[in-house]
Amino acid sequence: NAGVTQTPKFRILKIGQSMTLQCTQDMNHNYMYWYRQDPGMGLKLIYYSVGAGITDKGEVPNGYNVSRSTTEDFPLRLELAAPSQTSVYFCASRGVNTEAFFGQGTRLTVV
Amino acid sequence: GNSVTQMEGPVTLSEEAFLTINCTYTATGYPSLFWYVQYPGEGLQLLLKATKADDKGSNKGFEATYRKETTSFHLEKGSVQVSDSAVYFCARGPNSGGSNYKLTFGKGTLLTVNP
């Protein structure tokens, strides 16, 4: 079972570059989430989606964008990378009455 | 809004010691409650869950009971092992039948078990 798949696993960006973190799930879950986890800290919600075509901001959306054109995919876009975006990013999905399933994470360093 | 308050770490124990990590949640509605575990370098994995009052979730020797009267979901294990060293997150789901779809996580508790 694939579950939630994130790519890439690691990435180094230069300040001002852009990139897209990919997330796909094969469980037909309606709800998907992007979190960031800074060293030694908990999870902060960046964006979430309750279904295809619907997205909403979480606690820390600035500097990020998302889209949800299909149920399976929920990419996270960084337009102008900044050192403050150095973090580990986790994608998660959940069904209506299920727990959340997490991807393995993307470790991003902005230099 | 919904919130989860979790015992701050780090927690350091010797092997075979008893573990308790406290977790309380805001009392709005009837949310499902979860404990997640994050091993070094990995994503979060569900450890156990409870969906209604007085339910007990259990897995790998860990237990937690959904206490509505004290709005708590404390994690316990009678005898920890070195392999239990990880970060533990308490979380609450949306209210049953509610429109808030966000999950709410505690800040995490780092557990280190020494041999």
Side-chain angles (χ1 to χ4, degrees), chain A residues 1-10 21 23 25 27 29-52 54-61 66 68 74 87-107, chain B residues 1-11 21 23 29-52 55 57 59 64 66 73 86-112:
Chain A
N1 294 337
V4 179
T5 303
Q6 286 183 241
T7 56
K9 287 187 169 51
F10 304 93
L21 282 67
C23 175
Q25 52 95 4
M27 297 171 281
H29 285 165
N30 286 335
Y31 311 135
M32 295 189 74
Y33 309 84
W34 273 106
Y35 294 91
R36 60 178 285 172
Q37 184 180 35
D38 297 328
M41 304 292 284
L43 300 172
K44 293 183 179 178
L45 182 64
I46 305 172
Y47 270 95
Y48 68 102
S49 169
V50 301
I54 306 170
T55 62
D56 208 348
K57 295 178 180 178
E59 304 168 72
V60 290
V66 293
R68 185 93 183 271
F74 190 42
S87 189
V88 181
Y89 292 83
F90 289 101
C91 178
S93 74
R94 186 176 67 84
V96 173
N97 292 309
T98 73
E99 66 273 20
F101 294 81
F102 283 79
Q104 289 298 298
T106 296
R107 187 174 297 275
Chain B
N2 297 333
S3 67
V4 173
T5 302
Q6 184 176 343
M7 185 174 94
E8 299 219 2
V11 174
I21 301 177
C23 172
Y30 303 94
S32 293
L33 300 172
F34 309 92
W35 276 101
Y36 283 84
V37 59
Q38 184 180 31
Y39 298 105
E42 298 185 11
L44 278 71
Q45 306 171 25
L46 180 69
L47 180 60
L48 54 83
K49 67 179 181 181
T51 58
K52 61 183 187 296
D55 266 3
N59 185 26
Y66 191 143
F73 193 55
V87 181
Y88 293 82
F89 291 92
C90 184
R92 62 164 284 164
N95 296 331
S96 176
S99 59
N100 183 344
Y101 302 105
K102 287 184 276 189
L103 302 172
T104 303
F105 286 85
K107 294 186 176 181
T109 301
L110 172 63
L111 170 66
T112 301

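Predicted model, so just to flag it, every value in this text is computed and none were measured. All values below were derived from every heavy atom in this structure, side-chain atoms included, with hydrogens, water molecules and symmetry-related copies excluded.
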Just verifying a value: how many Å separate B:L47 CG and A:E99 CD, rounded to the nearest 0.5 Å?
11.5 Å
Quick check for you: to the nearest 0.5 Å, what is the distance between A:Q37 atom CD and B:F105 atom CZ?
10.0 Å
Flag the one option from B:Y36, B:F34, B:F89 with the top tally of heavy-atom pairs under 4.5 Å to chain A.
B:Y36
A quick test of your reading: do over 12 heavy atoms of other residues, nucleotides or ligands sit less than 6.0 Å from CD of B:E42?
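Count over threshold, so yes.
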With a 4.5 angstrom heavy-atom cut-off, is it the side chain or the backbone of B:Q38 that approaches chain A, or both, or neither?
side chain
Answer with side chain, backbone, both or neither: which region of B:L46 has an atom nearer than 4.5 Å to a non-hydrogen atom of chain A?
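The side chain, not the backbone.
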Which one, A:G58, A:A100, A:G42, leads in non-hydrogen pairs under 4.5 Å with chain B?
A:A100
Report the option among A:V88, A:L43, A:L45 that has the most heavy-atom pairs separated by less than 4.5 Å from atoms of chain B.
A:L43
Considering all heavy atoms, the nearest B:L103-A:Y35 contact:
CB-OH, 3.8 Å
